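To start, the structure under review is shown below, and the notes come after it.
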Protein chains: 4
Amino acid sequence: MVDGKTVPQRILAAALELFAEKGFESTSVQDVVVAAGVTKGAMYHYFDSKEDLLYEIYGRVLRMQMERLNEVVVQEGPVEDRLRAACADVVVTTANNLEGTTIFFRSLHQMSTEKQHGVRRERRRYHETFRGLIVEGQESGVFRGDVSAELCVDYFFGSVHHLPMWLKPTGRLTAEEVGRSFAELFIAGLVSR
Amino acid sequence: MVDGKTVPQRILAAALELFAEKGFESTSVQDVVVAAGVTKGAMYHYFDSKEDLLYEIYGRVLRMQMERLNEVVVQEGPVEDRLRAACADVVVTTANNLEGTTIFFRSLHQMSTEKQHGVRRERRRYHETFRGLIVEGQESGVFRGDVSAELCVDYFFGSVHHLPMWLKPTGRLTAEEVGRSFAELFIAGLVSR
Amino acid sequence: MVDGKTVPQRILAAALELFAEKGFESTSVQDVVVAAGVTKGAMYHYFDSKEDLLYEIYGRVLRMQMERLNEVVVQEGPVEDRLRAACADVVVTTANNLEGTTIFFRSLHQMSTEKQHGVRRERRRYHETFRGLIVEGQESGVFRGDVSAELCVDYFFGSVHHLPMWLKPTGRLTAEEVGRSFAELFIAGLVSR
Amino acid sequence: MVDGKTVPQRILAAALELFAEKGFESTSVQDVVVAAGVTKGAMYHYFDSKEDLLYEIYGRVLRMQMERLNEVVVQEGPVEDRLRAACADVVVTTANNLEGTTIFFRSLHQMSTEKQHGVRRERRRYHETFRGLIVEGQESGVFRGDVSAELCVDYFFGSVHHLPMWLKPTGRLTAEEVGRSFAELFIAGLVSR
DNA sequence: TATGAATGAGCTTTCATTCAT
DNA sequence: TATGAATGAAAGCTCATTCAT
């Protein structure tokens with residue numbers, strides 16, 4: 001253990017950074033183990049394959065996002081407020097995990113079909129929870145009913161998932177500011193008039 | 001020439017399909033030339049490198065999108081209508097080019113830094129044109145002024161660029177329907193009240 | 001082409017020698033290409049895999065033996081003489097191909113199941129032809145009938161296939177001498193009294 | 001101790017089975033310890049190396065065969081009967097140890113030169129004892145003298161050592177039947193007329 | 001007596017690219 | 001304009017073995 005991190009943790013951290021920077025395919029196992037300061041043998045002692053590293057990274061991103069959403073969804077208050085909170089929160093969460101999100105949408109296709117299925121299933125559950133909020137608002141008449149809730153989810157999450165393409169941690173805007181603005185734009189477009 | 005397509009056209013078409021399907025790194029030059037029905041030598045006669053294929057694909061996507069936007073922007077009418085048309089149009093254009101768009105956002109990082117700069121510059125010009133419409137609306141009071149035009153552009157294009165992640169050419173929704181809905185959601189979120 | 005041998009021929013010759021000397025698994029592709037004076041890339045240009053080298057070697061051994069046997073079998077004369085000729089000939093042929101035979105019986109299990117099946121089928125045809133001679137002799141009363149022809153074939157070919165374990169090309173005995181003796185011992189054990 | 005077998009016994013039994021099935025080189029130490037239900041550390045506690053496992057297996061095969069032969073040789077009776085018994089017995093012994101014999105002739109070349117020498121020396125002693133019987137018969141005029149005793153030994157043991165290539169424990173023929181037939185074929189080929 | 005993390009060398013194979021023809 | 005043999009570097013991964021505990 002070095003710097004309070006175990007060997008597998010160091011390996012995953014190095015993989016996260018490198019995959020985000022150079023892409024999964026362009027990063028060699030050699031690159032990862034050098035960055036992590038371990039040997040190749042050690043890596044293969046803890047992980048089955050290079051793809052396995054990717055899978056672990058995915059799992060962390062998914063778990064983290066799901067936990068946050070579940071917390072927001074069960075709160076009290078009008079659906080509009082809850083949706084606004086969920087929108088702002090997912091932006092902040094994503095912004096705090098730009099590397100993980102970058103890898104997520106750039107490298108999904110590199111995973112084996114089986115693992116892709118697992119990831120997509122998890123992802124769908126996340127979308128379903130979110131969609132539930134929109135449907136609730138539509139049924140209570142707060143949100144417009146002329147656009148399918150499904151499409152609204154894809155519309156909003158597109159914006160969120162593309163954050164890594166332009167948002168820089170060192171930039172002018174804070175994650176919270178972006179979260180508030182995105183939530184506002186989305187809710188304003190959604191409420192009935 | 002076979003099927004009315006020249007050798008370089010056949011090569012590019014094969015590359016487009018394969019890069020979108022398997023990713024740039026996971027597609028070998030061998031794969032491309034076999035799919036195109038030509039030899040490796042022929043490919044290297046027309047293109048400098050594998051990366052060059054990617055660059056050509058990028059160029060086509062960029063040119064195509066820019067041309068469409070320029071046509072929409074110069075039309076007459078209220079800024080709200082022009083923006084709505086631009087939004088709907090970019091969705092349709094993207095939907096008709098899912099493969100190109102997939103490659104665009106998944107493989108940009110595989111290109112040499114120089115070429116990436118060129119692509120980003122082009123991309124920025126596109127965004128600028130689009131942002132001009134929003135600023136025009138904000139200055140005339142039609143659009144809200146509490147969210148920066150820049151952020152609005154990123155917000156909307158995120159949705160557009162993620163279309164390849166969920167939109168299927170054979171699916172229920174037509175590109176036009178999605179375009180109308182996206183435009184509506186965006187404009188409704190943007191107009192002053 | 002060097003020394004009148006093409007690149008694939010040089011590669012196969014090197015593989016034959018090394019596989020016989022060190023075994024298939026203990027011989028690296030590196031070893032083979034260095035011995036053949038070519039590069040690894042060249043080897044993979046002509047052969048699909050290391051196993052493919054083995055398969056080619058097998059094919060040559062099988063073809064060679066089958067051709068010889070077929071020539072002997074169709075000759076004229078009493079069955080005892082034809083069998084004697086066949087026995088002596090297979091010994092000589094094997095002795096002139098000790099390396100191939102060594103590899104054959106030592107490395108068969110390293111090949112993919114499919115290829116093993118192919119080889120075994122070919123091998124069986126060879127045995128069948130040989131067995132035909134014995135059956136012919138048994139039916140005409142020349143050979144004893146109290147031992148199954150099948151078992152006789154396995155009995156004799158065991159002796160033949162083990163030649164590489166003790167016969168040295170530089171040794172006292174010539175291949176022809178061994179062939180005559182083996183044929184004599186076998187036939188004498190087989191004839192009715 | 002599990003199932004009445006000590007740890008080293010379990011390891012050797014697993015190695016025997018795996019080496020026979022997949023070959024020495026294709027079997028990893030991992031494979032062996034998993035099959036034996038022990039850890040790598042335990043294996044290296046009892047054995048010096050992977051090769052050491054092979055050596056132990058060889059030792060058992062050699063010891064077992066030598067013991068049996070010595071018992072047969074010292075019996076009373078005509079040399080023809082004693083040779084017949086020895087032949088039949090070595091077939092049965094081999095048939096009851098197909099795995100060991102398979103490994104013996106397939107993997108000898110994987111052992112270090114030193115150990116190979118030891119094994120070959122042991123082997124030669126075995127052959128010598130057997131050859132003694134033949135020489136005895138030749139000198140007493142019972143066996144033919146026109147074929148060297150040495151060659152006769154190689155002739156017969158070839159048949160025996162190839163048993164693993166075709167004899168299946170579950171097959172039609174019993175080991176005893178094969179032993180009788182092989183002995184009969186060999187003796188009949190050997191006796192003077 | 002036994003563990004299992006860690007090593008480091010070596011393995012087969014792939015691949016973008018070159019070049020004589 | 002096109003071929004395809006040949007290159008050489010690098011890839012992902014395996015493995016026998018060691019050693020602190």
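On a predicted model such as this, the values are computed, not experimentally measured, just so you know. Proteins get letters first, then strands, A, B, ... in listed order; numbering begins at 1 in each. What's counted below: heavy atoms across the whole structure, side chains too, no hydrogens, waters or symmetry copies.
Listed by chain and residue number, Ala42(C) satisfy the side chain to side chain contact (heavy atoms under 4.5 Å, CB included) test with Thr39(C) (two or more places apart in sequence, or in another chain). Among residues two or more places apart in sequence or in another chain, the salt bridge (charged side-chain N to carboxylate O under 4.0 Å, His left out) test is passed with Lys40(A) by none. Residues that satisfy the side chain to side chain contact (heavy atoms under 4.5 Å, CB included) test with Gln110(D), not counting sequence neighbours, are Ser26(C), Phe24(D), Glu25(D), Leu54(D), Ser107(D). For Tyr44(C), the ring-ring contact (aromatic ring centres under 6.0 Å, His included) test picks out no residue, with sequence neighbours left out. Taking the side chain to side chain contact (heavy atoms under 4.5 Å, CB included) definition, one finds that Ala13(B) meets it with Lys5(B), sequence neighbours left out. With sequence neighbours left out, His117(B) forms a side chain to side chain contact (heavy atoms under 4.5 Å, CB included) with Thr113(B), Arg121(B). Listed by chain and residue number, nothing satisfies the ring-ring contact (aromatic ring centres under 6.0 Å, His included) test with Phe47(D) (two or more places apart in sequence, or in another chain). Annotation: ring-ring contact (aromatic ring centres under 6.0 Å, His included) contacts of Tyr58(C) (sequence neighbours excluded): Phe104(C).
Between Tyr46(B) and Val38(C), the residue whose closest nucleotide on DNA chain F is further toward the 5' end is Tyr46(B).
Sorted by first and then second residue, the salt bridge (Lys or Arg N to Asp or Glu O under 4.0 Å) pairs involving residues 98-113 of chain D (not counting sequence neighbours) form an empty list.
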| Heavy-atom protein contacts under 4.0 Å, nucleotides 8-14 of chain E, coded B base, S sugar-phosphate only, - none | B-BSBBB

| task | Taking Watson-Crick and G-U wobble pairs with both distances under 3.5 Å, convert DNA chain F into its dot-bracket string, 5' to 3', dots for unpaired and | for cross-strand pairs. | result | .||||||||||||||||||||

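Heavy-atom distances under 4.0 Å link DNA chain F to no residue of residues 103-117 of chain A.
As rounded to whole Å, 21 Å separates atom C1' of dA16(F) from atom OH of Tyr55(D).
Arg60(B) has its side chain out of reach of Asn97(B): every pair of non-hydrogen atoms, C-beta onward, lies at least 4.5 Å apart.
Distances shorter than 4.0 Å separate some side-chain N or O of His45(A) from OP1 or OP2 on dA5(E).
When heavy atoms are screened at a 4.0 angstrom cut-off, Phe47(A) is found touching no nucleic acid atom at all.
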